[in-house]
Amino acid sequence: MTPAIEIRNLRYRYHDGTEALRGVNLRIQPDECVGLLGPNGSGKSTLLLHLNGILPDEGPPEGTVLVFGRPVTPENLPLIRRQVGLLFQDPDDQLFCPTVADDVAFGPQQLGLPEPEIRARVQRALAAVSLEALADRPTHHLSHGEKRRACLAGLLAYEPALLVLDEPTSGLDPRGRREFKSLLRRLPGTKLIATHDLELVVELCPRCILLDEGRVVADGSTVELLNDEPLMLAHGLERPHILLHTHPHPSHVEPRTS
Ligand code: ADP
């Protein structure tokens, strides 16, 4: 099967010389939901931006990024961007139309769809995120959680096969987080979710990839990775409390005595 994402030996250096990615290799199959973990500055956002070809070209590309088998190259970007829905970390970077409905309609309009189809998609997408009642609200009058849902509706409206989410639950209150997680769980397709929300990862992502200093340092079962306390601590993370109650220790991890 053609992987949804295949990345081979990807390196990326920002113009100021910061080496953000230092040879990343990974492969994600269609319909997988994968968590991307790592401390701040480990390269998660930089990696996600490569899936949509958003980064400025800093010289000849090093490595290969394939989305559904197609290289992310300038000539393929129009097609790639129809397949990849990238949710930015800050919703204010994503919302730019006067009202929620206008913003959600933007993607389908770019696809050149007929007006009735655009209206139908906007309605479906707003219903999926429970924002129908706020369709005509100016986007700058939304709460943070509503903005995130509006951004997600904007992605859903062009029906991407791959959802790439950068810290989707940051800044949400507990109820907002719960609602966003149950929304994500219902969405079809392949998902790659960069997050510090380890509960989200335990609940939604059977597999995790751990990034540090621009390299993949672990890739495997979420429960095994998160239960590996030395691994988590070595990379600026911690073993989530949720695992203490819901999952037994794997045999290679010493039980905590404190
Ligand atoms: P994460 O998402 O894991 O926090 P980032 O991908 O944002 O990591 O950052 C990886 C590295 O690249 C960090 O050292 C960060 O400071 C650096 N970086 C990110 N964006 C820029 C930029 N626009 N210019 C220069 N360095 C950057």
Side-chain angles (χ1 to χ4, degrees), residues 5-28 33-67 72 74 77 80-81 84-94 96 144 147-148 151-152 155 162-172 177 180-181 184 190-202 204-205 207-220 222 225-226 228 231-240:
I5 301 173
E6 185 167 7
I7 297 181
R8 290 190 226 124
N9 202 26
L10 180 64
R11 295 173 178 274
Y12 186 82
R13 188 191 287 268
Y14 283 99
H15 58 278
D16 65 355
T18 306
E19 268 191 285
L21 301 175
R22 303 169 189 231
V24 170
N25 290 284
L26 60 89
R27 185 188 281 230
I28 293 174
C33 182
V34 178
L36 183 63
L37 304 179
N40 288 336
S42 55
K44 301 182 297 297
S45 297
T46 307
L47 180 63
L48 298 189
L49 293 173
H50 275 87
L51 297 170
N52 222 356
I54 285 179
L55 283 156
D57 194 359
E58 305 282 353
E62 271 199 70
T64 308
V65 181
L66 303 169
V67 172
V72 181
L77 281 188
I80 300 262
R81 287 183 180 158
V84 181
L86 175 61
L87 188 77
F88 290 110
Q89 207 173 93
D90 182 352
D92 289 322
D93 289 341
Q94 194 137 13
F96 54 91
H144 188 74
K147 280 184 183 174
R148 279 206 188 273
C151 291
L152 188 61
L155 303 185
L162 170 60
L163 274 177
V164 176
L165 311 175
D166 198 350
E167 293 284 356
T169 55
S170 76
L172 298 184
R177 270 208 304 278
F180 208 87
K181 281 189 287 193
L184 290 183
T190 314
K191 287 167 234 148
L192 178 60
I193 309 177
T195 186
H196 291 298
D197 182 345
L198 299 183
E199 275 185 26
L200 175 150
V201 169
V202 170
L204 265 77
C205 307
R207 174 183 164 201
C208 263
I209 296 172
L210 174 54
L211 213 59
D212 201 0
E213 298 187 346
R215 293 190 186 88
V216 174
V217 292
D219 179 349
T222 294
L225 249 68
L226 298 194
D228 188 338
L231 175 77
M232 298 300 282
L233 292 176
H235 298 288
L237 303 172
E238 59 186 4
R239 185 160 165 262

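Just so you know, ligand 1 is whichever comes first in the structure, and atom 1 is the first atom listed for that ligand. Heavy-atom basis, side chains included; hydrogens, waters and symmetry copies ignored. Numbering starts at 1 and runs along the sequence shown. None of these values were measured; they are calculated from a predicted model.
The pair Asp92-Lys147 meets the salt-bridge criterion, with a side-chain N (NZ, NE, NH1 or NH2) lying under 4.0 Å from an Asp/Glu carboxylate O.
If you take CG on Asp166 and CD1 on Ile193, they are separated by 11.0 Å, rounding to the nearest 0.5 Å. Separating the CG atom in Leu211 from the OG atom in Ser42 is a distance of 5.0 Å, to the nearest 0.5 Å. Of the inter-residue distances, the one linking Leu87 atom CG with Lys191 atom NZ reads 13.0 Å to the nearest 0.5 angstrom. To the nearest 0.5 angstrom, Ile28 atom CD1 is 4.5 Å from Leu192 atom CG. To the nearest 0.5 Å, the span separating CD1 on Ile54 from OG1 on Thr46 amounts to 11.5 Å. The CG atom of Leu162 sits 4.5 Å away from the CD1 atom of Ile5 when rounded to the nearest 0.5 Å.
Near Asn40, meaning under 4.0 Å from one of its heavy atoms, ligand 1 places the atoms 4 (O). Atoms of ligand 1 lying under 4.0 Å from at least one heavy atom of Lys44, given by number and element, are 1 (P), 2 (O), 3 (O), 4 (O), 6 (O), 8 (O). Close approach of ligand 1 to Ala20 (heavy-atom distance below 4.0 Å) involves ligand atoms 10 (C), 11 (C), 12 (O). Applying the 4.0 Å criterion to heavy atoms of Pro39 picks out, from ligand 1, the atoms 3 (O).
Remark: side-chain polar atoms of Thr169 are not paired, donor with acceptor, to backbone N or O of Arg177 under 3.5 angstrom. Arg81 places a side-chain N or O within 3.5 Å of a backbone atom of Asn52 that can act as its donor or acceptor partner.
Residue Ala194 does not touch ligand 1, judged by heavy-atom distances below 4.0 Å. Using a 4.0 Å cut-off between heavy atoms, Thr18 contacts ligand 1 through its side chain alone, with no backbone atom that close.
The protein heavy-atom contact nearest to atom 8 (O) of ligand 1 is Gly43 N, 3.1 Å. Looking from atom 4 (O) of ligand 1 to the surrounding protein, the closest heavy atom is Gly41 N, 2.7 Å. For atom 20 (N) of ligand 1, the closest non-hydrogen atom of the protein is Tyr14 CZ, 3.4 Å. What sits closest to atom 7 (O) of ligand 1 on the protein, heavy atoms only, is Ser45 CB, 3.8 Å. Among all non-hydrogen protein atoms, the one lying nearest atom 6 (O) of ligand 1 is Thr46 OG1, 2.5 Å.
Protein heavy atoms all stay at least 4.0 Å away from atom 16 (O) of ligand 1.
At least one heavy atom of Ser42 sits less than 4.0 Å from an atom of ligand 1.
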